[in-house]
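So the structure is just underneath, and the comments pick up after that.
Letters go in sequence order (proteins before strands), and every chain restarts at 1.
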Amino acid sequence: MSKYRTHKCNELRKQDLDKEILISGWINKKRDHGNILFIDLRDNYGITQCIIDKENKNFLELEKIQLETVVKIDGKVVERSSETVNKDIETGDIEVVINKFEVLGTCKELPMPVFSDQEYAEEIRLKYRFLDLRRKKIHENIILRSKVISFIRNEMTSAGFLEFQTPILTSSSPEGARDFLVPSRLNPGKFYALPQAPQQFKQLIMVSGFDKYFQIAPCFRDEDARADRSPGEFYQLDLEMSFVEQEDVFNVVEKLLVNTFKKFSDKKLMYDQFPKISYADAMLKYGSDKPDLRNPLVINDITEVFSREDVSFEIFKKLIKSGSKVRCISTKNTKDKPRSFFDNIDKWAKEQGASGLAYFTFEDDGKLSAKGPIGKFFSKEALVEIMKKTNSEVGDSIFMACGKLNELEKITALARDKIAQDLDLIDDNIFAFCWIVDYPMFERDEITNKIGFSHNPFSMPQGDLTDKELEDPLNILAYQYDIVCNGIELSSGAIRNHKPELMYKLFSIAGYDKQQVDEKFSGMINALSFGAPPHGGIAPGIDRIVMLLANEKNIREVTMFPMNQNAQDLMMKAPSEVNEEQLKELNLALKIKK
RNA sequence: GGGGGUGUAGCUCAGUUGGUUAGAGCGAUCGCCUGUCACGCGAUAGGUCGAGGGUUCGAGUCCCUUCACUCCCGCCA
């Protein structure tokens, strides 16, 4: 028998009546009636009400005890009278009459209450994370995370995937995010980098003939944080398969995600088969490659309408002549919305740095017209054309923006979210997954004007590329794909380029000559020259999956020991300064920018 | 690197137009209370109003600088 407990705090029931039992846990709450004292004892599993009265010699000492003290209670299970049964807890039919108790862990005055649904400042939560983690909501989130990972592991293993670990100390990669560097004591002046993802390793695993690999892999990127992006480190379900095409990867991941989300959430899936949207379509219809498909609004291009003689909206016409486009969002049956609804959206758009959103509403009192500040600039025929292009009807409204493509996509994407929120069009009880496919292989850097890889340099381009097609690299598409759910990018993957000759060609477009490629990617390119199977994979983000399942808006709520926005661990005080000797041993000297 | 928000008791917050000694709830301490489950009642302690500077007869409140936390943009193949 355990020295500390015969039962856990969720276990005792009516059938245990009269048993002498031991339970251990934290004092969650005390209710002191002077001559009788109730104590809610809490452990990982649940809560048991314990009771002691004045007759017991331990009464006074227990009355004074601090909340969150860890105690062992020795007592007897008794039935509660029918009026005092508590249906909110599993053990609510019984209570434990305390005979003796022992303090196992004392507790100082708490910097934050544990038993409370109150929200607290991030700083105090992170500093006392061990207290924060005792609180119900986040405690359950972390348990959910464990269950999700365990479930995924099972699914992957039963699907024939092998789990491997890959190195944490590896080499710096020239593409992608900033690396975390680790100085090498044995190799003065040289550094390891922490992996941004096990990208090259998983391909090497395929070249090594293991066929199907997965790993719950830590990934390290030294980039700034966001609500859905931890600074520093995060976890991916990294997976890779040999002798597969895009569809084979889709089938595996789609099944896994559907199973996982159905098991761990009551929310409905909008699609059991994820729709596939090309990158180009997504950018046009949603202004983003991570559209929230719960949002029914779509963006339409109506630039052509402004070339009509009977449209006299000169501001837009002039901008279009210098290369701008006009895109719009049509909202259903908004004719009775107050003027403030429209003006607020216009004002909001200006706050976002746009020049605002022009709007009007289609009306028909015998004659089709556009109601709104700019309605007068459009003829009846022009309005009919807009209605046709945007699938609108009388009573609907149009919000328009005009600008250069990049800005236009950005502002219309934001406006799509904003308007849907204002109109309450987004059903929060749905998960809407989709695939974004056919990413361009290359893109032009706006600032340097150079052509670079738009995603992963190791992706396989689509089609048999002739030299002529290579001359126009911006038109080359890749077997590169993302999974998006409710507007959050969940994963990114690709069929890999396993042909060294083709890889040299693609790298040369991005400005790397053969020698540089051999140098930077020696492990990869060498391996591909010794019999590489066609292969591909993907890497869903574990933290974001759990975040969606736990219905949380912030990734810290599903991370056990997160860092703050400035990539500091307030509890462990990391990062920290190191002493002179440590630096010396590593052949390092500090030169800090003022 | 840039923009927004927040910062008042251990915790969550209020604090009017610049005006007397900065308040409440929870928590802490002390007292009362035998059926609560957010127990109840009474009392006490607890404040560098994030920090620094300025305007003013007078600043929690207005101005400037700065720090911390947070959200967003950049960044994240």
Check whether the ring centres of A:Y512 and A:Y504 lie less than 6.0 Å apart, and answer yes or no.
no
Check this one for me: any side-chain N or O of A:K410 less than 4.0 Å away from OP1 or OP2 of B:G74?
yes
From CD of A:E95 across to P of B:U36 the rounded distance in Å is 11 Å
Ring centres under 6.0 angstrom apart (A:Y481, A:Y439)
no
What is the separation between atom CD on A:E109 and atom C1' on B:C26, rounded to the nearest whole Å?
12 Å
Determine the contact category for A:Q480: base if any of its heavy atoms lies under 4.0 Å from a base atom, sugar-phosphate if only primed atoms, P, OP1 or OP2 are that close, otherwise nothing.
nothing
Under 4.0 Å, heavy atoms only, any strand: does A:G34 hit a base, just the sugar-phosphate, or nothing?
base
Now, which nucleotide makes the Watson-Crick or G-U wobble pair with B:U56, with each of the two distances under 3.5 Å?
none
Mate of B:A14 across any strand shown (Watson-Crick or G-U wobble, both atom pairs under 3.5 Å) is none
Calculate the interatomic distance between A:N456 atom CG and B:C76 atom C1'; express it in whole Å.
14 Å
Please work out if A:S81 contacts a base, only the sugar-phosphate, or nothing of the nucleic acid, heavy-atom cut-off 4.0 Å.
nothing
Tell me what A:R556 touches on the nucleic acid: a base, only sugar-phosphate, or nothing, going by heavy atoms under 4.0 Å.
sugar-phosphate
Short side-chain N/O contact from A:R125 to OP1 or OP2 of B:C11, under 4.0 Å:
no
Between A:D343 and A:K347, does any NZ, NE, NH1 or NH2 come within less than 4.0 Å of an OD or OE carboxylate oxygen?
no
Answer yes or no: is there an ion pair linking A:E68 with A:R42, defined by an N-O contact shorter than 4.0 Å?
yes
Taking OP1 and OP2 of B:C71, is either one under 4.0 Å from a side-chain nitrogen or oxygen of A:Q565?
yes
Give the nucleotide from the list B:A38, B:C37, B:C33 with an atom nearest to the side chain of A:D32.
B:C33
If B:G42 has a Watson-Crick or G-U wobble mate with both distances under 3.5 Å, name it; if not, just say none.
B:C30
Mind checking if A:N28 touches a base, just sugar-phosphate, or nothing, with heavy atoms under 4.0 Å?
nothing
Which part of the nucleic acid, if any, lies within contact of A:N564, taking any heavy atom under 4.0 Å across all strands shown: a base, the sugar-phosphate backbone alone, or nothing?
sugar-phosphate
With no angle test and no hydrogens, is the base of B:C75 tied to the side chain of A:R229 by a donor-acceptor pair under 3.5 Å?
yes
Measure the distance from CD1 on A:I451 to C1' on B:A77 and round it to the nearest whole Å.
16 Å
Whole-Å gap separating P (B:C75) and NE2 (A:H455):
13 Å
Counterpart base for B:G1, defined by Watson-Crick or G-U wobble contacts under 3.5 Å
B:C73
Comparing nearest nucleotides in RNA chain B, the 5'-proximal residue of the pair A:I124, A:Q66 is A:I124
When we call it a touch if two heavy atoms are under 4.0 Å apart, what does A:E122 touch: a base, just sugar-phosphate, or nothing?
sugar-phosphate
Scan A:K108 against the nucleic acid and name what it touches under 4.0 Å (heavy atoms): base, sugar-phosphate only, or nothing.
nothing
Could you tell me the separation between the CD atom of A:Q49 and the C1' atom of B:C39, rounded to a whole number of Å?
11 Å
Heavy atoms only, 4.0 Å cut-off, all strands: where does A:F453 land among base, sugar-phosphate and nothing?
sugar-phosphate
With the threshold set at 4.0 Å, does a side-chain nitrogen-carboxylate oxygen contact exist between A:D40 and A:R31?
yes
For the residue pair A:F234 and A:F220, is the inter-centroid distance of their aromatic rings smaller than 6.0 Å?
no
Electrostatic pair A:D117-A:K136, nearest N-O below 4.0 angstrom
no
Touch check for A:N566, heavy atoms < 4.0 angstrom, all strands: base, sugar-phosphate only, or nothing?
sugar-phosphate
Under the criteria of a ring-centre distance below 5.5 Å and an interplanar angle below 30°, is A:H33 stacked with the base of B:C39?
yes
Which part of the nucleic acid, if any, lies within reach of A:P111 when heavy atoms closer than 4.0 Å are counted: base, sugar-phosphate only, or nothing?
sugar-phosphate
What integer distance in Å separates A:K127:NZ from B:G10:P?
12 Å
Does the B:C37 base have a donor-acceptor partner in the side chain of A:R80 within less than 3.5 Å?
yes
Which part of the nucleic acid, if any, lies within reach of A:R226 when heavy atoms closer than 4.0 Å are counted: base, sugar-phosphate only, or nothing?
base
Go ahead and name the base partner of B:G7; Watson-Crick or wobble counts if both distances stay under 3.5 Å, otherwise write none.
B:C67
Tell me what A:K29 touches on the nucleic acid: a base, only sugar-phosphate, or nothing, going by heavy atoms under 4.0 Å.
sugar-phosphate
Measure CG/A:L67 against C1'/B:C39 and give the value in whole Å, please.
14 Å
